[in-house]
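Below is one structure, written out as structure tokens; comments come after it.
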Amino acid sequence: MCEAEEAAAAVTIGATVPTGFELTAAAEVEEKLGSRCSVRRDRGKIYFAVAAEALAQVHQLRSVDNLFVVVKEFTDYQFKETKEESLKDLEDLVKQLPWTDPLKVWKLNTNLKKKKTKRKKQNPQGSASKENLSDGEGEEKTDTKVADKESDDQAQNALGLESAGGQETQAIISVDNGKQSDAKDEFLATAGSENGAGNCKESENEAPVLKFRVTCNRAGDKHNFTSNDAARDFGGAVQEHFQWKADMTNFDVEVLLNIHNNEVVVGIALTEESLHRRNITHFGPTTLRSTLAYGMLRLCDAQPSDIIVDPMCGTGAIPIEGATEWPNCFHIAGDNNPQAMKRIASNICSLLKKNQNQESSTSWGVSLDTVQWDICSLPLRTGSVDVIVTDMPFGKRIGSKKKNWDLYPACLKEMSRICRPGTGRAVLLTQDKKCFAKALSGMGRLWRKSQTVWVNVGGLHAAVYLLKRTLEEVGENRSHW
Amino acid sequence: MKLLTHNLLTSHVRGLRPGGGYPLGIQVEVVEGILRCPDSGREFPITKGIPNMLLAEDET
């Protein structure tokens with residue numbers, strides 16, 4: 001294939017997204033890339049085809065955590081009766097798989113990342129979002145040091161640092177059916193055959209041997225092997241086939257083996273750190289993933305000039321994502337906690353610095369402001385806010401379930417006051433669904449529940465509620481205009 | 001703090017007349033400043049551009 005044809009050739013990409021927001025992510029892909037997606041509902045994965053040359057744009061998607069190129073997908077893989085036979089089958093599979101094109105894409109992707117590293121300073125791209133990938137690669141020394149460390153920690157320990165999704169399938173550790181083992185038992189170079197001289201099939205004239213690792217995620221009741229087994233044996237066969245060197249930490253190629261009942265997908269990872277920490281440099285105890293924040297913001301259908309408030313913003317994940325992706329709306333972040341104030345101020349500073357580094361921008365300001373306030377008594381004029389988007393205290397790391405019984409009704413009351421009747425809406429994330437339902441039940445005249453999205457946050461089953469504000473006005477005892 | 005935010009902020013001190021507490025008067029010196037409730041005279045400080053609108057127990 002000549003270069004032009006290669007660039008235009010379609011490649012199938014898989015993306016992991018926050019569970020529950022698959023359709024939102026699919027909508028973003030369709031909007032920005034023009035590709036229809038195949039969605040694996042509630043599994044946090046979507047698949048779509050793009051031209052190889054569109055790879056850079058794929059990295060700019062705001063709703064995806066991780067990307068991989070699909071080597072092959074089996075929709076109804078028949079596993080054998082015994083463990084030995086099943087594993088042997090997987091091993092034999094390796095040499096039959098169409099590795100060539102996906103590896104070309106992997107190579108393209110690696111070059112893409114290198115180019116971004118070099119071009120960062122003269123990068124003429126206008127929008128802040130395009131810088132985010134390079135941030136994730138740790139080029140900006142001061143700002144992203146923390147970000148890198150955090151995402152490394154999160155990747156290494158799927159048992160939940162900050163708000164790492166417990167079921168994120170980008171866990172490095174092989175995951176069995178939701179149960180998590182801490183043993184980093186992917187394929188290790190224990191086979192001993194150190195092969196320094198060999199070249200992998202795809203490298204043209206590279207002397208250094210490619211290093212690889214296999215990550216296996218397995219879910220289903222009927223398998224007679226574990227993800228560890230599969231990762232180990234599949235990895236062995238990969239090593240045999242390509243003569244690559246296995247390395248769990250310093251790998252070039254990460255091979256993904258995803259098994260869900262009878263669906264098997266083999267892929268090659270295109271992102272090494274999850275993209276979801278992109279906006280945040282200073283974390284708090286419950287910082288929300290940017291991808292989840294993006295999903296929530298999309299739900300509210302923000303219109304240009306809308307006033308969007310997060311009255312319990314914490315470190316500001318939601319308003320910062322909002323100001324970045326919806327710059328023609330005005331975002332206000334508020335919290336009562338002085339630590340949170342410090343953190344969000346730092347995060348905004350980092351964002352401003354990033355914006356200023358890009359040339360051509362005369363307006364590098366951010367459509368975002370911060371106020372310290374008490375959610376139960378908001379210093380905002382009645383009916384002055386179009387959208388409220390917030391992550392309510394779950395009562396686990398912040399506050400308590402007991403406090404929620406008083407807090408939730410008070411929150412909803414104030415939110416109904418500041419929210420514009422008729423057109424206003426609220427998108428609220430909470431794990432304390434019982435408390436929320438009770439608080440909402442007394443407010444049927446003011447709020448109508450429009451949609452519920454079930455999500456997984458840090459291993460907890462949470463829900464995102466989309467509420468619409470009714471036309472009914474709130475009784476006046478405060479200022480109005 | 002941006003002008004648009006100032007446009008939305010109102011004083012929520014107890015006992016104000018209806019429609020009172022708005023707009024908050026601004027006193028600025030460099031980066032630090034003050035928002036003043038036009039009816040009660042209560043001052044809300046602005047530190048590093050962030051207004052602190054928290055009320056004390058006895059004020060709400």
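Chain letters run A, B, ... following the sequence lines, proteins first and then strands; every chain starts at 1.
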Identify which of B:Leu9, B:Leu55, B:Val13, B:Leu24 forms the greatest number of heavy-atom pairs closer than 4.5 Å to chain A. B:Leu9
Considering only heavy atoms and a distance below 4.5 Å, find which of A:Ile418, A:Asn336, A:Val371, A:Val385 pairs most often with chain B. A:Val371
In a table with atom names and distances, give each donor-acceptor pair under 3.5 Å that connects a side chain of residues 302-314 of chain A to protein atoms at least two apart or in another chain.
unit_1	atom_1	unit_2	atom_2	d
A:Gln303	NE2	A:Asp301	O	3.3
A:Gln303	NE2	A:Asp301	OD1	3.4
A:Asp306	OD2	A:Gln303	N	2.9
A:Asp306	OD2	A:Arg425	NH2	2.8
A:Asp310	OD1	A:Met312	N	3.1
A:Asp310	OD1	A:Thr390	OG1	2.5

Cation-pi check, A:Arg298 to A:Tyr294: give yes when NZ or CZ is under 6.0 Å from the six-membered ring centre and within 45° of the ring axis, no otherwise. no
Given B:Leu4, B:Thr5, B:Leu8, the one with more heavy-atom pairs under 4.5 angstrom with chain A than any other is B:Leu8
Taking the cut-offs as 6.0 angstrom to the six-membered ring centre and 45 degrees off its axis, would you call A:Arg381 and B:Tyr22 a cation-pi pair? yes
Taking all heavy atoms of A:Asn355 and all of A:Gly365, pick out the closest pair and write down the distance. ND2-O, 4.4 Å
